[in-house]
There are 2 protein chains.
Amino acid sequence: MGASKAESFSEGQQALALIAKALGHPARVAIVEYLLKVEGCICNDIVGELPLSQATVSQHLRELKGAGLIKGSIEGNAICYCIDVKAINRLQSYLAGVSAKLKAKKGACC
Amino acid sequence: MGASKAESFSEGQQALALIAKALGHPARVAIVEYLLKVEGCICNDIVGELPLSQATVSQHLRELKGAGLIKGSIEGNAICYCIDVKAINRLQSYLAGVSAKLKAKKGACC
DNA sequence: CCGTAATATTGCAATATTACGATTGAGTGA
DNA sequence: TCACTCAATCGTAATATTGCAATATTACGG
């Protein structure tokens, strides 16, 4: 029997995994990097930039949005997608915590 | 027509996605947190801690290892798994870069 | 309104992931 | 050597993800 026993873990673990998973695909990393690079951030531009169809890009954008990594606002007849710093910061500070705890352990075993 | 056009993205994007994907499952986040908490880090302990079978845990450990997040050394007839700071740091500094670039853009659109 | 452009959604096929029981391989101690 | 334990792997089932074409939907200009 099958997949995803995800509910049996803590909220925090699930929330973190959600953000990490959103960055867990090269296409989505590429989208984030593109959004960082350009000023305007219209979806159709992204489609031109990536080797993916419009439908697929739209789906990736939805996942990024679901994870809180980006937010979109309507801008005329296009849509402006931008990175949400909060999600980035949450992941970053989590990793900082891991790093700090590792340093505290200082070579306890490996 | 199916899945995974991942090869068409840059090495860096793929490498980052690999690390992020490894953290993209609550069970693997839980494993990392457990490894942080304990001194010894034997696989069988983890099995007792998680609501997953030994086979499944072993599979998750393999993915974490494949992403470079943990490394294992043989310790008697058990195996000692430990977090590899390098992968953590790589992801962390990537996020720091994103954060910095965002600040530089300072509200260009959203 | 109608046509057009920009995104989203739907439906489907291909593939990947998650999970587990059963088995295997390796190491230990009696 | 023989049982025992630990962890990896195999085989398989259930489910999730990825990707696209086709089709909606939404918003603007005329």
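Reminder, nothing fancy here: chain letters follow the sequence lines and each chain counts from 1. The model shown is predicted, which means the values in this text are computed figures rather than measured ones. Note that these values count all heavy atoms, side chains included, but never hydrogens, waters or copies made by symmetry.
For D:dC6, neither phosphate oxygen OP1 nor OP2 lies less than 4.0 angstrom from any side-chain nitrogen or oxygen of B:Tyr81. Look at B:His25 and you'll find a side-chain N or O under 4.0 angstrom from OP1 or OP2 of C:dA19. The phosphate of D:dT26 (OP1 or OP2) has no side-chain N or O of A:Asn77 nearer than 4.0 angstrom.
At least one donor-acceptor pair closer than 3.5 Å links the side chain of B:Lys5 to the backbone N or O of A:Pro51.
Across every non-hydrogen atom of A:Tyr81 and A:Leu35, the tightest pair is O-CD2, 3.4 Å. The two residues A:Pro26 and B:Gln14 come nearest to each other via the heavy atoms CG-CG, 4.0 Å.
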>> Under the criterion side chain to side chain contact (heavy atoms under 4.5 Å, CB included), I'd like the reasoning laid out for B:His60 against B:Leu52: C-alpha separation, chi angles, the key distance, then a yes or no.
In response: CA-CA 10 Å; B:His60 280 309; B:Leu52 297 171; 4.1 Å; yes

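Residues from residues 52-67 of chain A that place a heavy atom under 4.0 Å from any atom of DNA chain D, listed by number: A:Leu52, A:Ser53, A:Ala55, A:Thr56, A:Gln59, A:His60, A:Glu63.
One can place CG of B:Leu23 at 15 Å from P of C:dT17, the figure rounded to the nearest angstrom. Note: CD1 (A:Ile79) to P (C:dA6) measures 12 Å, nearest angstrom. With rounding to whole Å, A:Ile46 atom CD1 is found 9 Å from C:dT7 atom P.
Hydrophobic clustering keeps A:Leu18 apart from B:Leu69 (ILVMFWY residues linked when any side-chain heavy atoms are closer than 4.5 Å, directly or through intermediates).
Taking the nucleotide of DNA chain D with the nearest heavy atom to each of A:Ile74 and A:Lys21, the more 5' of the two is matched to A:Lys21.
At a threshold of 4.5 Å between non-hydrogen side-chain atoms, the residues A:Ile31 and A:Ile70 do not count as touching.
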